[in-house]
Amino acid sequence: MGTLRRHGPIGAVCGLAAAAVLAAFLLLIAILLAEAWPVLDPGFLVDAPSRFADRAGVGPALAGTLWISFLTAAIAFPTGLGTAVYLEEYAPRTRMTGAIESTIANLAGVPAVVYGVVGLALFARGLGLGASILAGGCTLAALALPTVIVASRSAIRAVPKGLRIAAYGLGATRWQVIRHQILPAAAPGVLTGCCLALTRAMGEAAPLLVIGAAAFITFAPGAPGDPLTSLPTQVFAWTARSQEDFAALAAGACVALLLVLLAINLVALAVRHRLRGVKR
Amino acid sequence: MNISASGTGPDAAALSADGLSVRFGSKTALSEVSLSIPRGRVVSIIGPSGCGKTTLLRCFNRMNELIPGAVTTGTVCFNGVDLHGEGVDPVEVRRRIGMVFQQATLFPKSVFDNVAFGPRASGYTGDLHVLAEDVLTAAGLWSEVAEDLDAPAMELSAGQRQRLCIARTLALKPDILLMDEPTSALDPTATARIEATIHALKSDHTIVIATHKRRQAARLSDLTAYLDQGELLEYGPTETLFTNPRRRRTEYYLTGRIS
């Protein structure tokens, strides 16, 4: 009622929408935690999956997800940012670059499972990486790449034109303009885009299942060549089982996945905060 | 190609344009402009908005080529070298011929970093603090910022920003200073301060200033060029042009019948 009086009918409807989103989010967390409660203990994060639900944990899957995220970031971020810088600052406006641009935009909308098929053919079979962590990282990097490029390009394009002109006018070379003006100004936007792409990619199960992620790995992967496993594929494997205990395990794995996402977002937040501090 | 060789006398041309034309796509912005800017003088370029003042100014340090679709023909000679010639590096040109833009766009950094950007970019080896004090003094800003050079430049007032832009350009130690409507966004007090700065810079700089303020041109410059629809209609000593214009369009412009 107070909202209606203060903000009018449109404001009240918008406020209602916001409240619904908040409620849905809280409900999601509550259901997850309630489902996962029986399995949540410190050992759960390090134990290996087991035939016996009460002994199972997400150790290998968690390690796999961390490995895959690292590889995805290491491959997709530099490649994507480099592509964005090239397209915005170096490439002449020709039909060729126009075609590249629209291809990238379209790739961002391709379903994840399609990337899985490409990853299977290209990385797992073609390059002989098999169903490994590295093949998974490469596949998810390919999935994340278009989003990184599109977000980085719009961040670069949003840099005020005057900044470019001023830097060029002061006798800076193209690289100096990019390095000292454009990249610092675009950094927060680039970071947001990278974060979004990474968190979306690491939540994908389908492409990794297509490559051949294993659901039953008893040791944590320690190198890129180790067998592929991840939290989302673990969730999928556990939900496919009929025993009720495994539903709790799946919910527990989801909680672990959300914790990783939260950690990544916190790191991004801290970096963004630092960037803003440096700018002053 | 080296553009710094210079053995010319005091009254020689610092810059001379010959048959200079600029097209943006199919639109002609400048057609067949020829003029010579004597060393150590202040030259104003006046004319109705859209007449090509900015475009002409930007030809002098090759800024137009940053605009996609811009085509420049003709020559601009500086120290006997055609600036648009083969082998001339536009970066080197912009370091020798500095420019102050209409919009005072500062870098989102400290006052000091703004001044130091150009020298750092060109690999200046001297003491940056000494240089900063010199150019900030020349731009009439030193007393206002000396206390805290590390303060964010964005916190300066509009007039101070423009003077910082002038200081930033002076830090390149350019041979020629180009100024594109440096006071168009400022109030009368700030404008007066900028004009005082330009007056002070006159003694040891060649300055080309594009302005739509007729009286500013009259106050500041030794020579005035009148541009109209991309053509140079008249060019001569400021006093002659203002009191006794040869062309009717010039007279119309000066008396405010066209703007």
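First the proteins, then the strands, lettered A, B, ... as listed; each starts at 1.
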**Report entry** Heavy atoms from other residues, nucleotides or ligands near CZ of B/R120 exceed 12 (cutoff 6.0 Å)
**Finding:** yes
Requested in this report: Counting only heavy atoms closer than 4.5 Å, note whether B/L178 contacts chain A via side chain, backbone, both or neither.
Outcome: neither
Report task. Sort by residue number and list every member of residues 72-95 of chain A having a non-hydrogen atom under 4.5 Å from chain B. Result -> none
Report task. Evaluate whether atom CG of A/L22 has more than 12 neighbouring non-hydrogen atoms of other residues, nucleotides or ligands under 6.0 angstrom away. Result -> yes
Report summary line: Checked B/M154, B/Q103, B/M63 vs chain A; the most non-hydrogen pairs under 4.5 Å come from B/M63
Query - Whether over 12 other heavy atoms sit under 6.0 Å from A/F70 CZ - result: no
Query - Segment of B/R58 engaging chain A (4.5 angstrom heavy-atom cut-off) - result: side chain
Query raised in the report: Of the backbone (N, CA, C, O) and the side chain (C-beta and beyond), which part of B/F101 lies under 4.5 Å from a heavy atom of chain A, both, or neither?
Result: side chain
Report task. Using heavy atoms and a sub-4.5 Å threshold, report which of residues 147-183 of chain A line up against chain B, by residue number. Result -> A/G162, A/L163, A/I165, A/A166, A/A167, A/Y168, A/G169, A/L170, A/G171, A/A172, A/T173, A/Q176, A/H180, A/Q181
